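Take a look at the structure set out below.
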Protein chains: 2
Amino acid sequence: MTETGIGTSRSTPATLHDVAREAGVSLATASRSLNGSTRKVNDEYRKRVLDAAARLDYSPNLSAQAVARGTTTTVALLVADIADPYFSSIAAGVVAEADHERLIVTMAATERDPERELELVRTLRGQRPRVMILAGSRPTSDPTEGALGEELAAYERSGGRVVLISRNEFDFRTVIVENTAGAEALARELVGIGYRRFAVITGGEGLRTAADRVEGFRAGLAAAGGTLDDEHVVRAAFTRDGGYDGMRQLIESGLDGIELVFAANDVMAVGALSAVRDAGLTPGTDVAVAGFDDIPTVRDVTPALTTVRVPLEELGRRALRLALGDESASSEGAVRTEVVLRESTPGITR
Amino acid sequence: MTETGIGTSRSTPATLHDVAREAGVSLATASRSLNGSTRKVNDEYRKRVLDAAARLDYSPNLSAQAVARGTTTTVALLVADIADPYFSSIAAGVVAEADHERLIVTMAATERDPERELELVRTLRGQRPRVMILAGSRPTSDPTEGALGEELAAYERSGGRVVLISRNEFDFRTVIVENTAGAEALARELVGIGYRRFAVITGGEGLRTAADRVEGFRAGLAAAGGTLDDEHVVRAAFTRDGGYDGMRQLIESGLDGIELVFAANDVMAVGALSAVRDAGLTPGTDVAVAGFDDIPTVRDVTPALTTVRVPLEELGRRALRLALGDESASSEGAVRTEVVLRESTPGITR
DNA sequence: GTGAATCGAGATAGCGCTTTCCCGCTGATA
DNA sequence: TATCAGCGGGAAAGCGCTATCTCGATTCAC
């Protein structure tokens, strides 16, 4: 095992006490000079403290500050899966905004398990974060149903701020995404370019986001004149492989005249695309595919994927701003989505 | 602004003191029952404390524990860009392993800016994390050169553990990836299936990881009999768009008989693929493309991308284990890579 | 039966900070 | 000259915990 070469003598980090002594001032003065205080401190003294701090390479102990101040500079972020581009984009937004506010982000992954989620909220509460952001909806039929709400409420009662991203299940601040409206608009446009017979691949039982999107899609079809039979709605995991499986399932049952398959999110759609290809068919031509989210990847798959753009980073940004009480963040209403037609839905001339 | 409906009376979280009082025992006993201690505590007392804690919904203040114990349960993770699949996969690994060790991960993004990186290290040091993991290499020609090393060394001196992922620039513990060997193997295999004339798209000036991969690729070609002219090595940003630009550049200068373009990482390769298509050419057929990393996406692009697999999640896991002093993690040597041939390099019969 | 261990609960001294509170000082006011 | 606000530095009381220390009550050996 390699040792660092730059010096080996083990020492504890300099404390404020050390700085004060080195500067020849009191602890109070040192504290006041280093971390803004309402009280002024003589320039001469301040300079001495700053110099001493630099000399000792002092770095304030955030835990100690937290204890003394009774408040932290931490934001806790809970996502289903960090490697999923949907969540990593949101996370990037949260981190960027947090950095801007000089806050520190701690991150955890629920792996889509409600029990884990509850557990994590409990643990993270110990950090006394200023804000807790939860992204990714849960099954509505959830054994821990009330418990999470209780826990979050308790957290808010003790001064924290909860913000949910695109999961309107509790009565907390929420960054609302136009899931329903976006899917509806998508459906209309697809009918507009000639598609009539649709199928849908959606997430597991009762995932709220998925449900909203499917519902919106249905509504759009109903209004515009497309058909979606119930047996053409397949459920699968809310992941790339889920999308693959769902599409394979549809193909195996004969495709049955289906012209376009709408997957409730892009990672599923991308999986679906691959399933189409693996079945020896040509996506776009033999069967069109559309997704939802507009994750970065979908520009680069072939055919490029038609989808509904959700400004994911912005979601993360907004969540934090909302938590911090930024009025504009809340007054902006639901986050706008936008249909993006690409080659995966070339259209049908009838 | 919505208020939570579940109860509004604002209160501070229960403290250990509250629990002790509620249970009718001393602070010390409460502490001992709730958080493991070497000392035993009477079952009767322990139960009373546990009950009281549950009743008050007590959650220990981690900051206070950190101050009292003089050690935290935090891991700090620095990556270049959270939304980049390379880093988000690594992050997922770190978080998973951390969770397993009951540690908490705080995350920050350097955005590939050395100044920012240094700044972040300074800030995060205030957290007194047990471990600091840095992923993503920096330009070798870096204005802050020594400063980062100094800072990290100081951190280690004060008892922390630094682990670098795939950036062998300092003398700290490092998770080494077989960048050179992997690229060399790739080159050999590509020559083996008939390619002779190559081009390379690599990252900005002096990025270590990129440099190693290119060097390995060169060595492989030299050994197996492929050619790579210096004017066919283009530099671009280490991102999807960089890859796109790099490929466009190559195409604009006439492709010049190039049969295969190797991009130093997958996100660049994916961008390159799109550039080929946008130029009206067929990737795989008109020009073959290969990447490095095997990020999840590349299975789903068309043609599927030939690449060198790096077990990214495992990298993150290993980094943490290494930091925690897991012997096996360090004795395993460099992380193995594996060439994965896919349709983007169908081969040439000569 | 006595002294030495042993046990385990409670009191308390910190941990590294912030923030009162106190107090000597200066300068304005009368 | 006496009075009284500021002003600003220092002492010290916490913040919510852990860990050492104290000390009475048991237990045990001989």
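To find a chain, count down the sequence lines: A is the first, B the second, and so on, and within it residues start at 1. Please read all numbers here as calculations on a predicted model, not as lab measurements.
For A:Arg39, no side-chain nitrogen or oxygen approaches OP1 or OP2 of D:dG8 to under 4.0 Å. Taking only side-chain nitrogens and oxygens, B:Tyr58 comes nearer than 4.0 Å to OP1 or OP2 of D:dC17. Taking side-chain N and O atoms only, A:Asn35 has a distance below 4.0 Å to OP1 or OP2 of C:dT18. Phosphate proximity of C:dC17 to A:Ser31: absent, as no side-chain N or O sits under 4.0 Å from OP1 or OP2. Contact check, B:Thr29 against C:dA9: no side-chain N or O comes under 4.0 Å of OP1 or OP2.
One interatomic measurement links the two molecules: CG of B:Leu16 to P of C:dG10, which rounds to 13 Å at whole-angstrom precision. Per the geometry, NE2 belonging to A:His17 stands 14 Å off P belonging to C:dT18, to the nearest Å. Whole-Å rounding puts the B:Arg21 CZ to C:dG10 P distance at 15 Å. Protein atom CG of B:Asn42 is 16 Å distant from nucleotide atom P of D:dA25, rounded to whole Å. Look at NZ on B:Lys40: it is 12 Å from C1' on C:dT6, rounded to the nearest Å. The separation between A:Leu34 atom CG and C:dT18 atom P is 8 Å, rounded to whole Å. Taking atom CD of residue B:Gln65 and atom P of nucleotide D:dT18, one finds them 5 Å apart after rounding to whole Å. Atom pair A:Arg32:CZ and C:dC17:P shows a separation of 16 Å (rounding to whole Å applied).
Nearest to the side chain of A:Leu27, among C:dT18, D:dG10, C:dG10, sits C:dT18. Closest to the side chain of A:Val41, from the set D:dA19, C:dG14, D:dG9, is D:dG9.
Taking for each of A:Ala30 and B:Ser26 the nucleotide of DNA chain C with the nearest heavy atom, the 5'-most of the two is the partner of B:Ser26.
Between A:Asp57 and B:Arg157 there is no salt bridge, since no side-chain N of the basic residue sits under 4.0 Å from a carboxylate O of the acidic one. At a threshold of 4.0 Å, the pair B:Lys47-B:Asp43 does not count as salt-bridged, since none of the basic side-chain nitrogens sits closer than that to a carboxylate oxygen.
When side chains are defined from C-beta on, A:Arg161 does not count as touching A:Pro129, because their heavy atoms never get closer than 4.5 Å.
In this model, no side-chain donor or acceptor of B:Arg128 finds a partner on the base of C:dG16 within 3.5 Å.
Heavy atoms of other residues, nucleotides or ligands lying less than 6.0 angstrom from CD of B:Glu314 number more than 12.
Defined by atom type and a distance below 3.5 Å, a donor-acceptor pair is present between the side-chain atoms of A:Thr106 and A:Gln127.
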